[in-house]
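Here the structure is a predicted model, which is why all the values come from computation and not from measurement. In what follows, residues are counted from 1 in the order of the sequence shown.
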Amino acid sequence: MDHHSAQQIRARQEQAWKLRDKLARDIAIAQDWTDLQLRLAAHGYTFKPAGGGLALYRIKGNVRLCKAGAIGPAYRQLAMRFNASFPGHTHAHLSTNIPNENGAGPNSGPDPDDYTIAEKY
């Protein structure tokens with residue numbers, strides 16, 4: 001990896017950390033997808049489907065910023081929490097994989113949209 005690529009990765013990580021700090025509370029207390037989208041919109045952001053997950057966009061300019069998992073729970077985790085798939089998402093089948101209140105239900109393995117971001121020190 002060249003120096004320029006390392007700088008770009010570091011800049012994206014720092015941007016994700018700032019967004020996580022700014023949006024974490026609203027993501028944590030949102031009660032459903034509508035509530036989450038309204039809370040994000042109040043800060044000028046929105047989630048949109050992206051592949052098998054979600055991406056965070058800046059509303060002004062429709063600029064993709066990062067995957068949902070870079071700033072908080074990934075799509076599968078949010079779908080489980082809200083007990084519903086993201087409205088209009090092509091992977092609406094995820095809601096059928098959500099465990100019931102006893103924890104029973106299919107397990108399709110780790111979410112490919114979720115990835116680890118290095119913690120800042």
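For Tyr75 (side chain) and Phe86 (main-chain N/O), a donor-acceptor pair under 3.5 Å exists by modelled atom type. The backbone N or O of Thr46 lies less than 3.5 Å from no partner atom in the side chain of Gln37, so there is not a single donor-acceptor pair. Trp33 places no side-chain N or O within 3.5 Å of a backbone atom of Pro87 that could act as its donor or acceptor partner.
Residues forming a side chain to side chain donor-acceptor pair (under 3.5 Å) with Lys22 (at least two apart in sequence, or on another chain): none. With sequence neighbours left out, Asp32 forms a side chain to side chain donor-acceptor pair (under 3.5 Å) with no residue at all. Qualifying side-chain contact (heavy atoms from CB on, under 4.5 Å) partners for Leu65, counting only residues two or more places apart in sequence or in other chains: Gln15, Leu19, Tyr45, Leu56, Arg58, Val63.
Ala70 and Arg20 make their closest contact through O-NH1, 4.5 Å (heavy atoms, listed as atom of the first residue, atom of the second, distance). When all heavy atoms of His89 and Gly51 are compared, the closest pair comes out as CE1-O, 3.4 Å.
Note on residues 37-50: pairs passing salt bridge (Lys or Arg N to Asp or Glu O under 4.0 Å), not counting sequence neighbours, are Asp26-Arg39, Asp35-Arg39.
Expressed to the nearest 0.5 Å, how far CD1 of Ile71 lies from CD1 of Ile27 amounts to 4.0 Å. Summarising the geometry, atom CG belonging to Leu78 is positioned 12.0 Å from atom OG belonging to Ser85; distances are rounded to the nearest 0.5 Å. Put simply, OG1 on Thr34 and CZ on Phe82 are 9.5 Å apart, with the number rounded to the nearest 0.5 Å.
A salt bridge is defined here as a Lys NZ or Arg NE, NH1 or NH2 lying under 4.0 Å from an Asp or Glu carboxylate O, and Arg10 with Glu14 meets this definition.
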